[in-house]
Enquirer: 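One structure follows; several queries about it will come next.
Remember, it's a predicted structure, so these values are computed and weren't measured experimentally.
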There are 4 protein chains.
Amino acid sequence: MNHSREIEVEGHIIDSGIMTRVFDRIMDMGGDFEIITFDVGKKKVDPSFARIRVFAETEAKLDLITSELHRYGIRLIDADNVRLLPAEADRVIPTGFYSTTNHPTSIRYNDEWIQVENIEMDCIIKVDPNNSRAFCIPLSKLRKGDYVVLGEAGVRVIYPERPRETGMFEFMHGQVSSERPSETIVRKIAEELLKVKAKGQKVALVGGPAIVHTGAGEALATLIRKGYIDILFSGNALATHDIESNLFGTSLGMNLKTGDLVTGGHKHHIIAISEVMRAGSIAAAVESGVITQGIMYECVKAGIPYLLAGSIRDDGPLPDVITDVVVAQDAIRANLGDCGMVLMIGTLLHSIAVGNCLPSYVKTICVDINPASVTKLMDRGTSQAIGVVSDAGTFIPALLAALQHQKET
Amino acid sequence: MNHSREIEVEGHIIDSGIMTRVFDRIMDMGGDFEIITFDVGKKKVDPSFARIRVFAETEAKLDLITSELHRYGIRLIDADNVRLLPAEADRVIPTGFYSTTNHPTSIRYNDEWIQVENIEMDCIIKVDPNNSRAFCIPLSKLRKGDYVVLGEAGVRVIYPERPRETGMFEFMHGQVSSERPSETIVRKIAEELLKVKAKGQKVALVGGPAIVHTGAGEALATLIRKGYIDILFSGNALATHDIESNLFGTSLGMNLKTGDLVTGGHKHHIIAISEVMRAGSIAAAVESGVITQGIMYECVKAGIPYLLAGSIRDDGPLPDVITDVVVAQDAIRANLGDCGMVLMIGTLLHSIAVGNCLPSYVKTICVDINPASVTKLMDRGTSQAIGVVSDAGTFIPALLAALQHQKET
Amino acid sequence: MNHSREIEVEGHIIDSGIMTRVFDRIMDMGGDFEIITFDVGKKKVDPSFARIRVFAETEAKLDLITSELHRYGIRLIDADNVRLLPAEADRVIPTGFYSTTNHPTSIRYNDEWIQVENIEMDCIIKVDPNNSRAFCIPLSKLRKGDYVVLGEAGVRVIYPERPRETGMFEFMHGQVSSERPSETIVRKIAEELLKVKAKGQKVALVGGPAIVHTGAGEALATLIRKGYIDILFSGNALATHDIESNLFGTSLGMNLKTGDLVTGGHKHHIIAISEVMRAGSIAAAVESGVITQGIMYECVKAGIPYLLAGSIRDDGPLPDVITDVVVAQDAIRANLGDCGMVLMIGTLLHSIAVGNCLPSYVKTICVDINPASVTKLMDRGTSQAIGVVSDAGTFIPALLAALQHQKET
Amino acid sequence: MNHSREIEVEGHIIDSGIMTRVFDRIMDMGGDFEIITFDVGKKKVDPSFARIRVFAETEAKLDLITSELHRYGIRLIDADNVRLLPAEADRVIPTGFYSTTNHPTSIRYNDEWIQVENIEMDCIIKVDPNNSRAFCIPLSKLRKGDYVVLGEAGVRVIYPERPRETGMFEFMHGQVSSERPSETIVRKIAEELLKVKAKGQKVALVGGPAIVHTGAGEALATLIRKGYIDILFSGNALATHDIESNLFGTSLGMNLKTGDLVTGGHKHHIIAISEVMRAGSIAAAVESGVITQGIMYECVKAGIPYLLAGSIRDDGPLPDVITDVVVAQDAIRANLGDCGMVLMIGTLLHSIAVGNCLPSYVKTICVDINPASVTKLMDRGTSQAIGVVSDAGTFIPALLAALQHQKET
C-alpha cells in the first residue's frame with residue numbers, strides 16, 4: 001500500500017463515535033492508517049484532534065476512502081479549492097458530482113470558505129460565481145450551465161456531535177421505544193419546545209388526519225392559538241377532516257364526541273370540501289363565517305402559514321392544496337428557514353417529505369402509533385429524529401397540558 | 001338428500017347474524033334446508049323464531065352439520081338426554097366427547113336442563129351423577145371414571161346476541177382501531193366500569209410490566225386504592241418492577257422521573273426480588289415496611305387478591321409467584337367468578353391465559369400498543385374483546401381521570 | 001310511528017348478511033319494521049326476496065333510514081325517476097347530492113334503468129341528458145351546469161353478495177392474518193390470477209420500492225415478461241430503484257446480492273434519475289441501451305403501460321412521473337377499465353389511491369409486512385381486499401413459482 | 001476532583017466503539033479523565049491499548065464510575081483478588097453483590113484468573129473455594145452459605161468486539177429491517193449455520209406454533225431429519241399443533257393444505273393431547289405408531305433433544321411439557337452448552353427465555369413477522385441478536401433450500 005494521503009479531524013471525535021466510524025470505514029474498505037497526532041481533549045468541553053495518514057493500494061481506492069470519510073467531517077490537509085463543472089443540460093448532473101449530506105457544509109472557493117445555503121441531503125451544490133455564494137439544490141432545480149461542485153476536495157462537513165448538555169436529545173438520541181415513561185417524555189418535549197421558542201427559532205408541526213380522527217384537533221387548535229406552533233405542514237386530509245369536524249362534528253362521518261358513525265356522514269367530507277370551493281379558499285371560508293373554529297381556523301386567525309401538499313389519495317382536493325408535488329416540495333423548503341424544532345405527528349408521507357429537506361441540526365420528534373414508521377423515517381436519512389410511540393389523541397392534549405404547566409411555573 | 005332432521009333456534013337471530021351463519025354453514029357443508037316456520041320479531045325487543053329442516057346425503061353428514069350448528073345455539077327438536085361415558089384413564093378423553101364453547105351452556109340430564117358450571121372454551125363437560133351437577137373442566141383435571149358428555153345431543157348453547165342497548169360494547173364490537181377519538185373511548189370504558197361495579201360485579205385487571213415502564217404504576221396504584229379494581233392477574237415482572245420502582249425509583253434500572261438509565265440500575269430488580277425473599281413474601285415486605293407504596297402495596301393494604309403466574313422468562317422469581325403453570329391456571333379459574341369486566345393492559349401472554357378461562361359474556365377490553373396483540377387475542381377465541389390501541393402510560397392515567405370525573409358528576 | 005314506506009330487496013340476502021344489516025340499521029336508527037313477504041331461497045343458487053314496511057316517527061327520519069338502507073341494495077317499491085339539479089359553479093355540489101358507493105349502481109332516468117359508468121366510492125353521479133348516460137365523477141371534475149343526482153330515489157345499488165363458489169375470496173374474505181399457511185395462500189392467489197386472465201380480464205400490480213429493496217425486482221420483471229401483469233401502478237421510487245439496480249446492482253446504495261452498503265452508493269439513485277433525464281424518458285433510455293433489464297425494461301419491451309404517480313417525498317423525480325396528483329388520479333381511473341384483479345404490494349399510499357378508484361367487485365389482494373396497512377386500506381373503503389402479511393421479497397418469487405407450476409400442470 | 005484511579009483497556013477498542021462508550025460514561029457521570037497512554041493498533045489485526053486516569057469528586061463516585069466502566073471490559077491496574085461474602089439465607093443476596101453481564105468473565109481468586117462457568121446476564125457469581133471454580137448462577141439457585149462475589153474488583157469482562165471477518169454478523173449487526181434483500185439474508189444465515197456445524201458446535205432452534213400454522217412444519221421436520229438442528233426449545237403449542245397436523249392434517253382446526261377451517265376441527269388439538277396422554281409421552285406415541293411424521297417425530301427418531309416449557313396459556317398440556325417454569329429454565333441452561341448458533345422463530349416468550357441464558361458470543365438470529373418482537377428481545381439484553389422480519393411459513397422452506405443448495409455446491 002504505497003499510496004497515501006493525510007487527513008485531519010477535530011471535535012468531540014471520540015465520545016461522538018466519529019473516530020470509531022473513521023477507523024471502521026478505512027479498514028472495511030481495505031485501507032490502512034497510521035496515526036500521526038492524536039490529542040484527546042482532556043475535559044468535557046475540550047475538543048480532540050487527530051491527524052492520520054491513510055494508505056491504500058491504488059490512488060482510486062484512496063479516493064473512495066477519503067470520499068467516504070469526508071461524510072464524517074474529515075478534511076484533507078491540503079485543502080484545494082472546490083472543483084466545478086457546468087451542467088450540460090437541465091436536470092442532467094455532471095459525472096462525479098458531489099452529493100450532499102444534511103450536515104452543515106462549506107466549500108473552499110477562491111481560497112475562501114463559504115457556507116452552503118439551504119443544506120439538505122442527497123442534493124447538489126451549485127455555485128454562483130458572480131457573488132461567491134453556494135446553494136444546495138435538488139436535481140429538479142438544476143439548469144443547463146449551472147456550476148456544480150465535483151468530488152469532496154474543497155468541501156467541509158460538520159458531522160453532528162453527540163450533544164453534551166443533558167436535554168431531551170441526549171436522553172433519547174436515535175431511539176424508538178414504547179416502553180418509556182410517557183409523562184416524562186412529554187414533559188421533556190415541552191421543555192425543549194419552550195427553549196427553542198426562547199431562542200427565537202420556529203416550531204413546525206407536520207401532521208396527518210389521525211390528529212382529527214383521534215379527537216386531538218381541539219388540542220392542536222389551542223396549541224396554535226397560544227402561539228406554540230409557527231408553521232403547519234400537512235395535506236388535504238387533515239384540513240378536510242378539521243373543517244368537517246367544525247361543520248358537522250364528525251371526522252370521516254364518525255361523531256367525535258360519541259365515536260358513532262353518523263347516518264349520511266360519509267358525505268360530510270365531500271360537502272366540507274365543496275363548501276370551501278364555494279368560498280374560494282380556506283381563508284375566505286373563515287372570513288365569511290363558514291368555518292368558525294378548529295385547526296385551520298386558528299391558523300388563518302393567527303396568520304400562521306399552512307402548507308397543504310397534495311397526494312394521489314386525496315378527495316377533492318381543497319382549493320388550497322398544492323397539487324403538483326414538485327411545487328409542494330419547493331414550498332416546504334421555502335418555509336423551513338429558522339425552524340429549530342419539527343414535531344411530526346401521525347403521518348409518514350409528510351414526515352419523510354419534510355425530513356428530506358431538514359438539516360441534521362434541527363430537533364425532530366416523530367410521534368406515531370406504529371414503531372416502524374419512526375424507523376423508516378430514520379432509515380431515510382432523518383437520523384436525528386427521536387421516536388415516540390403514541391397516538392395523536394393522547395399525545396397532543398398531554399403536550400398542551402405540559403406546556404401550560406411549564407409556562408405557569 | 002333423503003336424510004333430514006328438524007332444528008329450531010330463537011332469539012335475535014337475524015340482527016345478531018346468527019341466521020346468516022346457520023344458512024351459511026349448512027350450504028358450505030354441502031347440506032340443504034327447508035324453512036318450516038320463520039317468525040321474525042317485529043319490535044326491537046321481540047325475539048325471532050325459526051324451525052328448519054336440514055337435509056344431507058348421509059346420516060353422518062347430517063351429524064356433522066348439526067354438530068356445527070349447535071355452536072350457534074341451534075337445538076334439535078326432540079331433545080334427548082345427554083350421553084355420558086366414563087374416562088378410561090386420567091387425562092384421556094372418550095372418543096366423540098363434547099368440546100365446549102365459551103357461551104352459557106346447559107345439558108339435559110335425567111329429563112331436566114341443568115346449567116354447566118364454570119363454562120370456558122375448549123374444555124370437557126363432566127357430570128356428577130350423585131347430585132346432578134355438570135362442570136366444565138380442562139383436560140388436565142379429567143380423572144379416570146369421570147362421566148364425560150358425548151356429542152351435542154342434549155346440550156344447549158346460548159350464542160351471544162348483539163347487544164341492543166347502546167353501550168361501549170355495541171359501539172366498538174369486535175373492533176380494533178387506532179383511529180378513534182381516544183378521550184371518547186376512555187370515557188365509555190369508565191362508564192361501563194362503573195355500571196359493572198354498580199351491578200355488584202367484579203372488575204379484574206390483567207397487566208404487564210409495561211404499566212410500570214411507561215410510568216403508569218402510580219395511576220394503577222390509585223385505581224386500586226380507590227376500589228375500582230377487585231382482582232389483579234399478572235406475573236413476576238409487573239410485581240418486581242413495581243417493587244423496584246418503590247425501592248429505587250427505577251424500572252429495569254431506568255429512572256421513572258427522568259427516563260435516564262441509572263448507574264448500577266441493572267441490579268435493582270434482582271435486589272428487589274431478594275429483599276422480598278428476605279421478608280418471605282410481598283405481604284410480609286409490606287407489613288415490615290420494606291415496601292411503602294405502589295401497585296402491590298395497595299393490593300396488600302386493600303386486601304385485593306393478586307395472582308402472579310410464572311413464566312420461563314422470569315428472573316427470580318418472587319416468592320409469591322406460582323411457578324407451576326397448571327396450578328396457576330387453576331388459580332385464574334378460581335378467581336374469575338363474579339367478574340363482570342376484565343381490563344387487559346400491555347400483556348399478550350396473561351391476556352390470552354385469562355381470556356381462555358372467560359365466558360363470552362364477560363366484558364373484555366384489551367389495551368395494547370400493538371394492534372396485532374388484540375387481533376391475536378380474538379383469534380384465540382376471546383372474540384368478545386374490544387381492542388384499544390394505546391400505551392399503558394397514557395391510558396391508565398386517562399382512565400383514572402375519567403372515573404374520578406364521572407364519580408363527581 | 002305512523003310514517004311508513006315499503007321497501008324490497010332480493011338476492012342471497014340472508015347468507016350474505018345483508019338482511020342482518022338491514023334490520024340492524026332500522027333498529028339502530030330508531031325505526032321499526034313489519035315483514036310483508038319473506039321468501040327464503042331454498043337452494044344454494046336460489047335468491048331470497050323480502051318486502052318490508054319500515055316505520056319511523058317523522059318523514060325526515062324515514063328518509064334517513066331509507067337513505068342508509070339504500071347502500072345495502074334496498075329499493076323503494078315505487079321507483080321514481082332520479083332527481084337532478086345543475087351544479088351552480090365548478091366543483092360546488094348541490095345540497096342533498098347522492099354520494100356513490102363502490103358497488104354496481106344504476107339510475108332510473110326517463111323511466112329506464114341505466115348503468116352508472118366508472119363507478120367508484122365517494123363520488124357524484126352526473127347525468128348527460130343528451131344521450132341518457134350517467135357517469136360517476138369525482139368532485140374535481142364537476143363543472144358548472146352539470147346535472148347531478150340528488151338523494152337515493154331512483155338509484156339502485158347491487159350490494160356484493162358473499163361468493164358462493166369456493167375460491168380464494170371465500171376462503172379469506174375480509175381477513176388479515178399472519179398465521180395462515182403461506183404456500184397455500186400463494187397457490188390460491190396464483191389460481192385466481194390465472195382464472196382472471198382466462199376470462200380475458202386484466203391484472204394490475206400496484207407496487208412500492210420495497211419490491212426492489214427486498215430483492216424481488218427480478219421476479220417481478222419475469223412476471224411482466226411472461227405476461228402475468230397487464231398494467232403497473234407505482235411511483236418514482238420503484239422505478240428509480242429498479243433502474244438504479246440495473247445500472248449499479250444496488251438499491252438505495254445497498255448491493256442487492258450481498259446486502260452491503262456500497263461506497264458512494266448514496267449517489268446512485270440520483271445518477272439513475274439524471275441518466276433518464278439525459279435520455280428524455282424511461283422508454284428512450286431503454287431504446288438507447290442505457291437500461292438493459294429490470295421491471296421498467298420489461299414494461300417498455302412488452303408494451304405494458306406503467307403509471308408513475310408523484311409524491312412529495314420523491315427525489316428527482318424521473319421525467320415519466322406525473323407530478324400533479326389530480327392528473328395522476330385521472331390517469332389511474334383511465335387505466336382501471338377491464339381490471340379483474342389488483343395485486344397491491346408494499347405500498348400503502350398507492351394502494352389506497354388505486355383502491356379509491358376500484359369498484360367493489362374487482363378482486364383485490366394487499367400484500368404488506370405490516371398488518372396495519374391492510375386494515376387501513378379496508379377502513380378506507382376497499383373492503384373487498386384480502387390481506388396477506390408477508391414481505392415482497394419472499395412473496396413475489398413464490399407467486400412466480402406457483403404460476404409457473406400451475407401453467408405446466 | 002482529587003480522587004483518582006488508573007484503569008486500562010485493550011483490544012479493538014476504537015473501532016468497536018468501546019473507547020467512545022468509556023469516555024462517554026465518565027463524562028456523563030460527572031467524572032473526568034487524563035490519558036496516560038493511548039497506543040492505537042495500526043493494522044486491522046492489531047489491538048489498541050489505553051491507560052487512563054479517572055477523576056471524581058468523591059471515592060464513592062469513583063466507585064460508581066469504575067463499576068460502570070467495568071461492564072465494557074475495563075480493568076483497574078492493580079487487580080485485587082475478588083471479594084466474597086456468604087449468602088445469609090437461601091435466595092437472599094449480600095448487599096453489593098456483583099451482577100453479571102452475558103460476556104465472557106473471569107475472576108481473580110487466590111492470585112489466579114479463573115473463568116466463570118455458564119455465564120449469563122443478571123446473575124450472581126458463586127465461588128466454590130474447595131476446587132477454585134466459579135459459577136454463574138441465577139438468584140433462585142443461591143443457597144445459604146454460598147460464597148458470592150462482591151463489587152467489580154478482581155472481575156474481568158471481555159466486551160464483544162465488532163467482528164472483523166465479513167460474515168453475516170458484520171453485515172447486519174444489531175439491525176432489524178424489513179427492507180433487505182430476503183434471499184441474500186437467508187443465504188447468509190445458511191452459510192453461517194454450516195460454518196457453526198463445521199466447527200463442531202450445536203445449532204439450537206427456538207420455535208413457536210406459527211411454524212405449524214404457516215405451513216412450515218414439514219420444512220422444519222426435514223431440517224431436523226437432515227441433521228441441521230441439534231436441539232429444539234419450544235412449548236406445548238408447537239408440539240401439539242405438529243401432532244394435530246400429523247393426526248388430522250389441521251392446525252388449530254385449519255386444514256393446512258387448503259387453509260379451510262374443518263368441521264369439528266376445534267376438537268383436534270385436545271384429541272391430539274389426549275392421544276399422547278394415552279401413550280404416556282411423545283416418544284411412546286412415536287414408538288407405538290400413533291405419530292408417524294412431523295417435527296416431534298423427527299426429533300424422537302433422530303434422538304434430538306426437545307425441551308417443551310410450560311406457559312399459562314397452554315391447553316392440556318402434553319405429558320412431556322415441563323410445567324414448572326423454574327425447572328424449565330434450569331433445563332434450558334443445561335442444554336445450551338456448545339451451542340454456536342440459536343435460531344429463534346415466531347415466539348417472543350421462548351426467545352427471551354432462551355436469550356436470557358445465552359452468552360453474548362452465541363450467534364443469535366430472531367425471525368418474526370413483527371419488528372417490535374426483535375427490538376424487545378434486544379432491549380432485554382440479547383443485544384447480539386440479528387433480526388429478520390419475515391414469516392415462518394416462507395423463511396423455513398427458504399432456509400432449507402439454501403442449505404441444500406450450499407451442501408451440494
Enquirer: With chain C as the partner, which of A:Ser311, A:Cys357, A:Gly316 has the greatest number of non-hydrogen pairs under 4.5 Å?
Expert: A:Ser311
Enquirer: Look at the rings of C:His70 and C:Tyr98 and say which category their plane angle falls in: under 30° parallel, 30 to 60° tilted, over 60° perpendicular.
Expert: perpendicular
Enquirer: Counting only heavy atoms closer than 4.5 Å, note whether C:Ser140 contacts chain A via side chain, backbone, both or neither.
Expert: both
Enquirer: Is A:Ile65 in contact with chain C via its backbone, its side chain, both, or neither, using a 4.5 Å heavy-atom distance?
Expert: neither
Enquirer: Nearest 0.5 Å, please: how far is CG in A:Asp391 from OG1 in A:Thr214?
Expert: 5.5 Å
Enquirer: Should the pair A:Lys141-A:Asp146 be classified as a salt bridge under the 4.0 Å nitrogen-to-oxygen rule?
Expert: no
Enquirer: Calculate, to the nearest 0.5 Å, the distance between atoms CG and CE belonging to C:Leu358 and C:Met344 respectively.
Expert: 5.5 Å
Enquirer: Just give me the residue among A:Val354, A:Ile352, A:Asp90 that pairs up with chain C most often, heavy atom to heavy atom, under 4.5 Å.
Expert: A:Ile352
Enquirer: In sequence, state the C-alpha distance, the side-chain angles, and the governing distance for C:Phe233 and C:Val342, and then conclude on side chain to side chain contact (heavy atoms under 4.5 Å, CB included).
Expert: CA-CA 10 Å; C:Phe233 294 102; C:Val342 179; 5.8 Å; no
Enquirer: Pick whichever of A:Arg91, A:Met29, A:Glu88, A:His350 has the most heavy-atom pairs under 4.5 Å with chain C.
Expert: A:Arg91
Enquirer: Does any heavy atom of chain C fall under 4.5 Å from the side chain of A:His269, the backbone, both, or neither of them?
Expert: side chain
Enquirer: Between chain A and each of C:Val92, C:Leu139, C:Val321, C:Ile312, count heavy-atom pairs under 4.5 Å; write down the option with the most.
Expert: C:Ile312
Enquirer: Apply side chain to side chain donor-acceptor pair (under 3.5 Å) to residues C:Glu120 and C:Thr100 and explain how you reach the verdict.
Expert: CA-CA 7 Å; C:Glu120 70 180 85; C:Thr100 58; over 6 Å; no
Enquirer: Can you tell me which of C:Glu68, C:Arg278, C:Glu275 forms the most heavy-atom pairs within a distance under 4.5 Å of chain A?
Expert: C:Arg278
Enquirer: Which bit of C:Ile271 is near chain A, if near means a heavy-atom gap under 4.5 Å: side chain, backbone, both or neither?
Expert: both
Enquirer: Counting heavy-atom pairs closer than 4.5 Å to chain A, which one of C:Ile124, C:Asn356, C:Asp122, C:Val326 comes out on top?
Expert: C:Asp122
Enquirer: Quick check: do C:Leu85 and C:Val148 have side-chain heavy atoms less than 4.5 Å from each other?
Expert: no
Enquirer: Treating A:Ser274 as the side-chain partner and C:Ile93 as the backbone partner, does any N or O pair qualify as donor plus acceptor under 3.5 Å?
Expert: yes
Enquirer: Heavy-atom cut-off 4.5 Å, strictly under: side chain, backbone, both or neither for A:Met121 against chain C?
Expert: neither
